[in-house]
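The sequence lines fix the lettering, A, B, ..., with proteins before strands; numbering per chain opens at 1.
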Number of protein chains: 2
Amino acid sequence: MAKDTRTRLLEASAQLFREQGYSGTGLKQITAAGGAPWGSLYHFFPGGKEHLGAEAVAHSGARYLKLFDRVFAQADAEVVRSVRDFFHLSVDALERSGWGDGCPIATVALEVASTSEPLRHACAEVFAAWEASIARRLASAGIAEDRAAELAVYVLAAFEGAIVLSRTAHDTRPLRVTADVVAATLTAELPAQR
Amino acid sequence: MAKDTRTRLLEASAQLFREQGYSGTGLKQITAAGGAPWGSLYHFFPGGKEHLGAEAVAHSGARYLKLFDRVFAQADAEVVRSVRDFFHLSVDALERSGWGDGCPIATVALEVASTSEPLRHACAEVFAAWEASIARRLASAGIAEDRAAELAVYVLAAFEGAIVLSRTAHDTRPLRVTADVVAATLTAELPAQR
DNA sequence: CGCCAGCTAGAGCGATCTATCTAGATTATG
DNA sequence: CATAATCTAGATAGATCGCTCTAGCTGGCG
């Protein structure tokens, strides 16, 4: 057996949510995709769909946070390069999945921002964590902490927006173009080398 | 009488879609919000929900395109100022509406990008039109056409992403911060004054 | 073995969804 | 005024929604 039922449910949810949104995905569909029995759903998530949704958001949020850290650790000391890598990781994911694998949070976030406080909160926490991760790297590259926090928000916003455009247009150009401009902006903010 | 039934349906749809998404909004709710009889819905939009959705997207897309042009015409010759105004228009809208009035397209766009080709196409056309409008203004401020097209994509991406973050966090800071950085980026791209 | 958790299995409830259909009201036009 | 086109009105179908419920299965432990 691969993973336990609970995890399979979380990952099936996350995948379906990012492709078709929260309201657009039925619980039946989730159990089918996760190969999990219907009864298990309400055993593991007694709070129902909202409970499952919040945990699925947190789950893939944490998953991507790890991915962030891995990418940042790879191109060590070269933050700008890492940020660029991130945009291109998304380019690959979109192409490989046939424009399905965008941001696992944004689709849900927009849907629920005005309709479910617990879900909105879960999404907000994920974005905040991502933001903090980016800010930390910018700061350790020599940018003042306050400025690093601002730039992190900016980088994340540009990233999320570029995914929206690329996914909608079925074209990776928005991601690639935005990556270039953001990279240039960041380079200009770094303290002079040597 | 204010506006005709068809228009009321389109605008009620657009408003509800951007708050709760496409799948999250029922046709019953739309007719109620638009003060329109149920029978009229399938009279004006025989293609059903998808037909209504596509027209609603196009309708508010065109509406915002006009708003773009009005804002750009106002701060004449000062493109950067206009772009900044745009971000702050969204700041006001979010605050005034209690975080409901974000982008009328993005929510639907993410939901349907992988599930409905006609709807995705409608969203893509709106983004393309907005992009072209921004590019035109940047070009007439002296930026080379190719570069203006790239920067337009970048501006729109940053704008859309900042809305996602602000709406999710219930905080206008992402929009304000992103506006500043984008404005600075654009200023650096403009040909030297005088 | 007996026992008790943890988990699986799915029938079924009321509500709601999109969509269809027919009939009546309204408006424009000859 | 008569007639046709347009629009309104709502009952209803059939499917699906999230969710509850009970019963049975499974495995660890005394």
Checklist entry - Within the side chain of Arg84(A), is there an N or O that forms a donor-acceptor pair under 3.5 Å with the backbone of Ala179(A)? => result no
Checklist entry - Starting at CG of Leu41(B) and ending at P of dT18(C), how long is that distance when rounded to a whole Å? => result 10 Å
Item to check | Proximity to DNA chain C (any heavy atom under 4.0 Å), residues of residues 47-59 of chain A only | outcome: none
Next on the checklist: Run Arg96(B) and Asp101(B) through salt bridge (charged side-chain N to carboxylate O under 4.0 Å, His left out) and show every step you take.
Outcome noted: CA-CA 8 Å; Arg96(B) 199 154 4 90; Asp101(B) 291 5; over 6 Å; no
Checklist entry - Would you find a donor on one side and an acceptor on the other, under 3.5 Å apart, between the side chain of Arg120(B) and the backbone of Val112(B)? => result no
Item to check | Test log, rule side-chain hydrogen bond (donor to acceptor under 3.5 Å, both in side chains), inputs Arg6(A) and Ser40(A) | outcome: CA-CA 8 Å; Arg6(A) 196 187 141 92; Ser40(A) 302; over 6 Å; no
Checklist entry - At under 4.0 Å, does any side-chain N or O of Thr5(A) touch on OP1 or OP2 of dT8(C)? => result yes
Contacts under 3.5 angstrom, residues 122-133 of chain A side chains, donor-acceptor by atom type, not counting sequence neighbours:
residue   : atom : partner  : partner atom : Å
Trp130(A) : NE1  : Gly61(A) : O            : 3.1
Ser133(A) : OG   : Asp69(A) : OD1          : 3.2

Item to check | Spacing between Gln20(B) atom CD and dC17(C) atom P, to the nearest angstrom | outcome: 10 Å
Checklist entry - Within this structure, what is the CG-to-P distance between Leu16(B) and dC17(C), rounded to whole angstrom? => result 12 Å
Checklist entry - With sequence neighbours excluded, what pairs up with Ser140(B) under the side chain to side chain donor-acceptor pair (under 3.5 Å) test? => result none
Next on the checklist: Is the phosphate of dT8(D) approached by Ser40(B) (side-chain N or O, under 4.0 Å from OP1 or OP2)?
Outcome noted: yes
Checklist entry - Tell me: CZ of Phe44(B) to C1' of dT20(C), nearest whole Å? => result 18 Å
Next on the checklist: Is there a side-chain contact between His59(A) and Ser13(A) in this structure, where contact means two heavy atoms from C-beta onward sitting under 4.5 Å apart?
Outcome noted: no
Item to check | Min side-chain heavy-atom separation Tyr64(A)-Ile105(A) under 4.5 Å | outcome: no
Checklist entry - Does any N or O in the side chain of Glu111(B) come within less than 3.5 Å of the main-chain N or O of Gly21(A), such that one atom is a donor and the other an acceptor? => result no
Checklist outcome for this item: ring-ring contact (aromatic ring centres under 6.0 Å, His included) pairs touching residues 92-116 of chain B, sequence neighbours excluded, are Trp99(B)-His170(B)
Next on the checklist: Counting only heavy atoms and a strict 4.0 angstrom limit, can you tell me which residues of residues 23-36 of chain A come near DNA chain D?
Outcome noted: Thr25(A), Gly26(A), Leu27(A)
Checklist entry - Between Thr178(B) (side chain) and Leu175(B) (backbone), is there a donor-acceptor pair under 3.5 Å? => result no
Identify the pairs formed between an N or O of the protein and an N or O of nucleotides 20-29 of chain D at a distance under 3.5 Å, and give each distance.
residue : atom : partner  : partner atom : Å
dT20(D) : O4   : Trp38(A) : NE1          : 2.7

